[in-house]
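First the structure, in the form of structure tokens, and then the observations on it.
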Amino acid sequence: MIKLFSLKQQKKDGEASPKTANQKKASAAQLRIAKDINELNLPKTCTTEFPDPDDLLNFKLIICPDEGFYRTGRFVFSFKVGPNYPHEPPKVKCETQVYHPNIDQQGNVCLNILREDWKPVLTINSIVYGLQYLFLEPNPEDPLNKEAADVLTTNRRLFEQNVQKAMRGGFVGGTYFDRCLK
Amino acid sequence: MSEKLETLSNRWNNLRKILERPGPFSHPDFEPSLEIINFLMNTCKILVIGAGGLGCELLKDLALMGFRDIHVIDMDTIEISNLNRQFLFRHKDIGFPKAEVAAKFVNSRVKGCQVTAYFKKIQDFDANFYRQFHIIVCGLDSIVARRWINGMLISMLNYNDDVLDQSSIIPLIDGGTEGFKGNARVILPGMTACVECTLDLYPPQVTYPLCTIANTPRLPEHCIEYVKVVQWPKENPWGTALDGDDPHHINWVHEKSLERAQQFNITGVTYRLVQGVVKNIIPAVASTNAVIAAICATEVFKLATSCYVPLNNFLVFNDVDGIYTYTYESEKKENCLACSQIPQTVVIKDPEEAKLKDLIQILQEDSRYQMRSPGLITTIDGKNRTLYISSIKSIEERTRENLNKTLSELGLKEGCEVAVSDITSPNTVIIRLHFQTTDVEMKKLIN
């Protein structure tokens with residue numbers, strides 16, 4: 001047991017001075033993200049962009065799938081890592097408009113590990129692989145864009161054409177998509 | 001002097017019975033003395049974080065226990081829904097800062113007690129502020145805030161040759177309640193399990209799969225969550241973020257949620273539920289707060305006086321059905337991100353000349369580290385700085401020039417800490433730079 005009384009009775013205002021330079025410490029979230037970033041092992045279809053290299057909590061991930069419906073496309077995701085990381089997952093948004101059953105027009109992404117299945121043992125790398133997988137295997141079972149999901153289940157060819165149309169820039173159904181070919 | 005004698009002889013008689021004579025349950029090393037009550041009343045300085053449900057109870061308990069120098073931080077103002085249990089506040093106080101109103105109330109009610117209020121966030125203060133306190137006790141409702149103060153107290157620890165200097169420890173007593181359940185714990189930063197060690201104990205926030213709330217809602221909560229995460233950002237009726245304290249916002253979400261619920265034949269969307277989902281409201285029970293705060297205040301007293309054995313170290317309380325308590329020792333996590341981080345000293349032999357690449361070379365070649373491709377970050381003047389990370393191309397390109405800068409050009413001084421991550425270690429490691437000065441300089445410093 002520590003004896004506070006004997007250790008500290010002499011302690012008065014401002015008397016105890018720090019031994020070292022009074023430096024603000026990196027938070028646990030920062031220490032963890034530094035580890036995640038340093039060990040990012042990106043698939044060759046992915047790159048990251050850090051607008052401010054001193055800020056590891058906000059960055060972009062660019063995915064250029066090399067197979068599947070979305071090959072030749074270029075999709076940008078923004079990552080915002082909060083102070084409660086890794087207790088809470090980062091906030092990930094798709095900044096590119098995409099015709100995809102699991103991504104809506106506001107950029108919300110339906111990926112289980114980004115919400116209900118997030119666990120602190122997961123890393124930024126897990127999310128990168130999860131996102132890449134969404135482009136290889138769009139999942140019509142859990143749709144966010146229900147129309148796209150319906151097309152994918154009923155007519156794969158039409159779905160493929162729609163994806164191409166959207167990536168070249170233009171209307172699919174009533175929705176306009178910006179060009180996002182790489 | 002006369003007032004002091006008077007208070008000592010009358011009002012604090014009960015305390016003197018505990019502190020001036022041994023008892024069957026007192027701590028084996030306890031030495032009864034007149035000095036202890038003197039310390040309690042004239043020297044001991046306590047910080048209470050939070051002046052809400054637990055905070056009001058804590059302030060009352062500590063003031064009536066004899067602590068006379070109490071400080072309280074709270075960033076909130078009083079709302080009408082607080083008044084049923086936050087008994088230091090009255091209807092006329094609505095809208096005023098909790099910390100200030102609570103301090104004023106205790107100061108006028110408990111003679112001789114001086115409560116100092118700070119209407120601020122804990123993050124507004126630095127180590128120099130927190131260092132003045134003997135014990136810190138928290139009644140918080142946020143994990144972020146708990147992690148922050150925990151990290152702060154751990155960063156204030158001093159180590160001499162890897163041995164913890166006990167006088168740099170500020171004990172942290174943390175209470176928490178949720179409805180009829182509560183917990184209280186004693187943390188001796190650096191010695192016992194900290195908030196970060198037991199982070200898994202906090203329940204994750206309730207979330208629903210995005211696709212469910214978008215397409216196949218089944219619960220009223222799904223409808224509200226949909227309006228919150230999809231409709232609000234899309235329509236943004238007031239052009240701001242959703243504010244759970246703004247009745248207009250809640251009304252809007254309520255209406256839209258009802259519409260959506262109707263579409264899917266879901267019942268049960270009420271104004272209160274909307275508030276609950278949007279603000280993540282946890283029902284508060286006054287009696288739970290009273291019990292947990294009393295336990296926390298007792299622990300403050302035990303630590304301040306050393307008269308009894310403190311709680312070791314985690315108590316859970318539940319009075320849903322009868323009363324249940326259980327105390328166990330939560331264990332320190334070996335690779336805790338916060339408290340296992342004993343800064344390792346790296347000696348820099350030629351501080352004037354040493355460059356960042358020399359430091360990296362030490363980390364790679366020194367037998368203690370043998371790292372592969374360390375990434376280095378630090379904080380300089382309160383700002384995060386990435387010194388060098390080789391694995392990310394965009395960062396590498398922009399930090400490469402740092403390699404040839406000297407440590408002082410980069411703003412790194414004697415005693416500065418650098419966080420280093422590498423695949424050879426499961427966690428980010430903290431190193432502390434020690435600039436070795438030559439004998440001549442040393443003499444200059446002494447003189």
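These values consider heavy atoms only, across backbone and side chains, with no hydrogens, waters or symmetry-generated copies. Letters A, B, ... are given to chains in the order of the sequence lines, protein chains preceding strands, and every chain is numbered from 1.
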Query raised in the report: Do Val229(B) and Asn108(A) have side-chain heavy atoms sitting under 4.5 Å apart?
Result: no

**Report entry** Ile154(B) versus chain A, the contacting section by heavy-atom distance below 4.5 Å
**Finding:** neither

Query raised in the report: Got a sec, which pairs hit ring pair (Phe, Tyr, Trp, His ring centres under 6.0 Å) with one end in residues 39-61 of chain A, sequence neighbours left out?
Result: Phe50(A)-Phe59(A), Phe59(A)-Phe79(A)

Report summary line: Counting heavy-atom pairs under 4.5 Å with chain A, the top scorer among Glu397(B), Glu196(B), Arg147(B), Arg385(B) is Arg147(B)

Requested in this report: Flag the one option from Asn215(B), Leu337(B), Ile389(B) with the top tally of heavy-atom pairs under 4.5 Å to chain A.
Outcome: Asn215(B)

Requested in this report: Check whether Phe129(B) gets within reach of chain A through its side chain, its backbone, both or neither, counting any heavy atom under 4.5 Å.
Outcome: neither

Report task. Side chain from CB out, backbone as N, CA, C, O: work out which of these in Asn112(A) comes under 4.5 Å of a heavy atom of chain B, or both, or neither. Result -> neither

**Report entry** Residues of residues 80-101 of chain A near chain B, each having a heavy atom less than 4.5 Å away
**Finding:** Pro83(A), Asn84(A), Tyr85(A), Pro86(A), His87(A), Glu88(A)

**Report entry** Portion of Leu56(A) that has a non-hydrogen atom of chain B nearer than 4.5 angstrom
**Finding:** side chain

Requested in this report: Check whether Thr48(A) gets within reach of chain B through its side chain, its backbone, both or neither, counting any heavy atom under 4.5 Å.
Outcome: both

Query raised in the report: Relative to chain A, which segment of Pro233(B) carries a heavy atom at a distance below 4.5 Å: side chain, backbone, both, or neither?
Result: neither

Report task. May I have the step-by-step check of salt bridge (charged side-chain N to carboxylate O under 4.0 Å, His left out) for Arg115(A) and Glu225(B), ending in yes or no? Result -> CA-CA 13 Å; Arg115(A) 285 175 72 86; Glu225(B) 191 76 9; 3.3 Å; yes

Report summary line: Honestly, the part of Pro143(A) sitting under 4.5 Å from a heavy atom of chain B is both

Query - Portion of Asp200(B) that has a non-hydrogen atom of chain A nearer than 4.5 angstrom - result: neither

